[in-house]
Student: 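Pasting in a structure now, in C-alpha cells, and then I'll have a few things to ask.
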Amino acid sequence: MEKVYGPKTKVAQDIHALKYRTEGESFYEAQVRFAQTLADDTEHFHKLKEILLNQSFMGGGRTQLAIGSPTMTTAFNCFVSETIEDSFDSIMDRVKEAGQTMRKGGGIGYDFSPIRPRGTLIKSLGSNSSGPISFMKIYDSTCKTVSSAGHRRGAQMGVLRVDHPDIEEFILAKQNKTELTAFNISIGVTDEFMRAVKNKTSFDLVFEGTVHKTVDACALWEMIMRSTWDWAEPGVLFIDRINDGNNLYYCETIAATNPCGEQPLPPHGACLLGSWNLTKYIDFDDAGTRSFNFAQLLQDIPVVVRAMDNIHDNTIFPLEAQALESANKRRMGLGVTGLANAIEALGFPYGSEKFLATAEDIFKLIRNETYRASVALAKEKGAFPLYTEEYLDAEFIQTLPEEIIEGIRSHGIRNSHLLSMAPTGTISFTADNISGGIEPIFSLGLIRTIQTEDGPIKEDVRDYAFRTWDVRGKPAGECTAKEHLSVLALATKYVDSSVSKTINVNPDMEWEDFKAIYMTAWELGCKGCTTFNIGGKRFGIMEEVDVDEPEVQEEEAQACYINQETGQKECS
C-alpha cells in the first residue's frame, strides 16, 4: 500500500493548504519544493524529503510557505527593528520599515525605551513629549492596516525597560481589550531591579542619565504582577540574563525579542524557526511497548541543519539591513514540538521526574548534534563572517562537550545561534494537533478558534496522543506552577536563544506563590517568564470540550476561509 504523507485530519489538511501551500499544490509537492530548493546534492535531497514528508521536522510557517515558492514573502519568521532613536524622523522611519517587514510576512519586535518619557520638554518645538506609549499606537495601526491587505495577521512585540520613567503607564497600557491589540508587550527587567525587589529597596526610573522618579521596587513589582495576573501581560524579559548568555556578546547588544519571545535579537536581527516533531520518533516493538528513537533523531539533525543554513541564501528580505544581519551571523532557532505528547506516550506525566529526565536526554542530543553539524558545515563552507575566538568564551558555548568546543576552535562554526523553543501553534495543529512546543496539552478535546479574514471559525479537535494512542495527557490547567517552571528552566539550559512558554495558573493560587514564579524563574537563569491565569480578564483562542461526547464529524463542518493566494472563499 502506498504511504500517505502529511496531516490525516481534514481540518489539519485544510489549514496546511491554506497557510503553507500555493494554489493547487499538494502536501507532497510542497515538501518536494522545500527539499529541492534547500538540498546540497541528490543524497541530501532524498533524506530531507523523507523527513519533511513524515513531518518529523517542520519549518516555521513563513519558511514553509516561502521556500521555493513564487510568493513574495520572506522565509524568516521574525525580526527586531532597528533602534528607535528619540526623534520624530527615527520613529517614523522605523514605522515604514516595520510596514515593509510585515508586508513580506515577518513578525517584528521593538524596544521603545530610547523614546523620552511623557511630559519631557522638546526644546526645538517648545512642547512636551507624549511618550513612548503614544507612539506605539502608530505602530499598532500600521500593523493592523498592513496585515489587512496580506495573507497573515501581523505580529509585534513592544518592549520597555523597567527603569524607563513611563514604565507604570506601559504596565497599564493593555489592561483592556481595545488598545494595542496588534502588540504583545514585555518589560525588559534588569538584574538591578530584581535585586531591589528581593532586598526591598528603592529603585530609580532614569532617562539619559537623569533620575525622573524614585519608586519602591516592591510596589512596582506588585503592579507588574497584578497586571500579568489579570491580563496575562506584560510578559517579563530578564534582559541582563539575555545579554549575558548571548553567544555574540562581543559584537551586539539585545534590547527586544520577536513577538513570541523565544528569539532575543539585535537591531535588524533576523531568525529562522523550525521544530522537530517528537511524536514521529516514538517507536513500538512487537509487544506494543513504546520507546523514543534517539538513533533516528541523531541521523536527522545534520540533514536539517544543512538545509536550514541554506535558507540564508535562498530567500528575500524586506530590508537590506536584515539581509546583511542574516549573512553576517547565519542565525537560526531550531527546537521541538510535540514534547508532551511524545514523552507522555512513554508513560511519564508532564513535569514528572521521568518526564524531565527524558526531555533532558532529548534536549542534550539536539544541542550537541546541531552544534556538531554546524561545525562540520563551517569546515566545509566557512564560519559565519563575524566569528572570532571570543565566541569560545560565551556562556552557552562553555556548556558544550569538549570535543565540540575543540571543533569550533579549529574550524569556527557556521551559525552563531542554533536553538530556541518556539510556541509552534499552527504548525503543530497542521500535524494533527500535536502538543505545541514544550507545552502540556491544553485538553484532550478542544474547540479551537481559527482566525481568517472571513472572521473566526471554530473547530472541534482532539489531542493527537489521545486520538492516536489513547494517551490521556495531563492538561495545562492541571500542571502545577512548579512543573511548568521546571520544564521552562530545563529547556532554557539547552538553548542558546530563549524559550516561549506559558505557565498556566489557577485563580485560587496564593498571591505570594504566584509572585514567586517570576522570582524563581530569574534565580534559575530563565531569560523570560509568562503566565496565564485561566480566571483572568484575558481569554484565549481555545476552550475545552468533553471528550466522552461524540466528536464533531469533520466532513459536516462548513468552516470557510478566504484563500489569500487566490482571493476566493473556500469551505472545508
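All heavy atoms count here, side chains included; hydrogens, waters and symmetry mates do not. Nothing here was measured: the structure is a model prediction, and the numbers come from that model.
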Student: Please, which pairs that meet ring pair (Phe, Tyr, Trp, His ring centres under 6.0 Å) have at least one residue in residues 302-344, sequence neighbours excluded?
Tutor: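 Every ring pair (Phe, Tyr, Trp, His ring centres under 6.0 Å) pair that includes a residue of residues 302-344, provided the two are not neighbours, is Phe76-His312, Phe76-Phe317.
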Student: Can we call the ring centroids of Phe384 and Tyr391 under 6.0 Å apart?
Tutor: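 Close enough - the centres of the two rings lie under 6.0 Å apart.
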Student: To the nearest 0.5 angstrom, please state how far the CD1 atom of Ile405 sits from the CD1 atom of Ile397.
Tutor: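 CD1 of Ile397 is found 7.5 Å from CD1 of Ile405.
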Student: Using the salt bridge (Lys or Arg N to Asp or Glu O under 4.0 Å) definition, which of the options Glu483, Glu439, Glu344 pairs with Lys474?
Tutor: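 With Lys474 as partner, Glu483, Glu439, Glu344 yield a single salt bridge (Lys or Arg N to Asp or Glu O under 4.0 Å), made by Glu483.
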Student: To the nearest 0.5 Å, tell me how far Ser56 OG sits from Leu297 CG.
Tutor: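 Separation between the atoms: 9.0 Å.
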Student: Please work out whether the ring planes of Phe183 and Phe112 are parallel, tilted or perpendicular, with thresholds of 30° and 60°.
Tutor: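 Taking Phe112 first and then Phe183, their aromatic rings stand perpendicular (interplane angle over 60°).
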Student: Do Asp166 and Arg161 meet the salt-bridge criterion of a basic N to acidic O distance under 4.0 Å?
Tutor: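 A salt bridge is absent here (no side-chain N lies under 4.0 Å from a carboxylate O).
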Student: Take Lys329 and Leu248 through the test side-chain contact (heavy atoms from CB on, under 4.5 Å) and record every step on the way to the result.
Tutor: CA-CA 9 Å; Lys329 300 170 184 176; Leu248 293 180; 3.5 Å; yes
Student: Let me know which of Ile171, Asn184, Ile187 forms a side chain to side chain contact (heavy atoms under 4.5 Å, CB included) with Glu233.
Tutor: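 That would be Asn184.
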Student: With the threshold set at 4.0 Å, does a side-chain nitrogen-carboxylate oxygen contact exist between Glu380 and Arg414?
Tutor: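 No, this pair does not count.
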Student: Could you tell me whether Glu208 and Arg116 have a side-chain N and a carboxylate O separated by less than 4.0 Å?
Tutor: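 Here Glu208 does not pair with Arg116 in a salt bridge, since their nearest N and O are not under 4.0 Å apart.
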Student: Strictly distance-based, threshold 3.5 Å: is any side-chain N or O of Tyr249 a donor or acceptor partner for the main-chain N or O of Glu390?
Tutor: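 Yes, Tyr249 side chain to Glu390 backbone: donor-acceptor pair under 3.5 Å.
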Student: Could you go step by step and tell me if Asp240 and Thr190 meet the side chain to side chain donor-acceptor pair (under 3.5 Å) rule?
Tutor: CA-CA 6 Å; Asp240 291 335; Thr190 62; 4.7 Å; no
Student: To the nearest 0.5 Å, what is the distance between CZ on Phe193 and CD1 on Ile167?
Tutor: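 The CZ atom of Phe193 sits 8.5 Å away from the CD1 atom of Ile167.
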Student: Is the NZ or CZ atom of Arg226 both under 6.0 Å from the centre of the six-membered ring of Trp231 and within 45° of that ring's axis?
Tutor: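 No cation-pi geometry.
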Student: Could you tell me whether Lys482 atom NZ has more than 12 heavy atoms of other residues or ligands within 6.0 Å of it?
Tutor: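 Atom NZ in Lys482 is not crowded, with 12 or fewer foreign heavy atoms closer than 6.0 Å.
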Student: Would the Phe57 and Phe34 ring centres measure less than 6.0 Å apart?
Tutor: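 For Phe57 and Phe34, the ring centres are not under 6.0 Å apart.
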Student: Hey, is CD on Glu353 packed in by over 12 heavy atoms from elsewhere, all under 6.0 Å?
Tutor: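 Open.
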Student: Surrounding CD of Glu510 (heavy atoms of other residues, nucleotides or ligands, distance under 6.0 Å), is the total greater than 12?
Tutor: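 No - once you tally the heavy atoms of other residues, nucleotides and ligands closer than 6.0 Å, there are 12 at most.
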Student: Quick one, Tyr110 with Gln156, criterion side chain to side chain donor-acceptor pair (under 3.5 Å). Give me CA distance, side-chain angles, the key distance, then yes/no.
Tutor: CA-CA 8 Å; Tyr110 321 83; Gln156 300 184 113; 2.5 Å; yes
Student: Do Asn310 and Asp40 have a side chain donor and acceptor closer than 3.5 Å?
Tutor: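 Judged by distance alone, the side chains do pair up.
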Student: Atom CG of Leu377 and atom CG of Asn415: how far apart are they, to the nearest 0.5 Å?
Tutor: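 Going from CG on Leu377 over to CG on Asn415, the span is 7.0 Å.
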Student: Find the distance between OG1 (Thr502) and CZ (Phe442) and round it off to the nearest 0.5 Å.
Tutor: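 The OG1 atom of Thr502 sits 12.0 Å away from the CZ atom of Phe442.
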Student: Check the angle between the aromatic planes of Tyr350 and Phe355 and answer parallel, tilted or perpendicular using the 30° and 60° thresholds.
Tutor: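 Geometry flag for Phe355 against Tyr350: tilted rings.
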Student: Taking NZ, NE, NH1 and NH2 as the nitrogens, is one of them in Arg372 or Glu403 under 4.0 Å from a carboxylate oxygen of the other?
Tutor: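 Result for this pair is yes, salt bridge flagged.
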Student: Give a yes or no on whether a salt bridge exists between Arg331 and Glu252, defined as a side-chain N under 4.0 angstrom from a carboxylate O.
Tutor: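 Yes.
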Student: Centre-to-centre under 6.0 Å for Phe207 and His164, is that the case here?
Tutor: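 Yes, the ring centres sit under 6.0 Å apart.
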Student: Cut-off 3.5 Å, no hydrogens considered: what does the side-chain donor-acceptor table look like for residues 271-278, sequence neighbours left out?
Tutor:
residue: Asn277; atom: OD1; partner: Thr279; partner atom: N; Å: 3.2
residue: Asn277; atom: OD1; partner: Thr279; partner atom: OG1; Å: 2.7
residue: Asn277; atom: ND2; partner: Gln55; partner atom: O; Å: 3.1

Student: If you round to the nearest 0.5 Å, how far is CG of Asn328 from CG of Leu386?
Tutor: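 Rounded to the nearest 0.5 Å, the CG-CG separation comes to 4.5 Å.
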Student: Looking at Pro234 and Ser186, what are the two nearest heavy atoms and their distance?
Tutor: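 Between these two residues, the closest heavy atoms are CB-CA, 4.2 Å.
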Student: Would you call Glu262 and Lys501 a salt bridge, taking side-chain N to carboxylate O under 4.0 Å as the test?
Tutor: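 No, this pair does not count.
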Student: Is it true that Glu395 and Arg241 make a salt bridge, defined as a side-chain N closer than 4.0 Å to a carboxylate O?
Tutor: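 Looking at Glu395 and Arg241, the cut-off is met.
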Student: If we ignore hydrogens and angles and just use 3.5 Å, is the side chain of Asn258 paired with the main-chain N or O of Gly261 as donor and acceptor?
Tutor: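 Such a contact is found between Asn258 side chain and Gly261 backbone.
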Student: Would you say that Phe514 contacts Thr228 through its side chain, given a criterion of any heavy-atom pair below 4.5 Å between the two side chains?
Tutor: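 A side-chain contact exists here, since the closest heavy-atom pair is under 4.5 Å.
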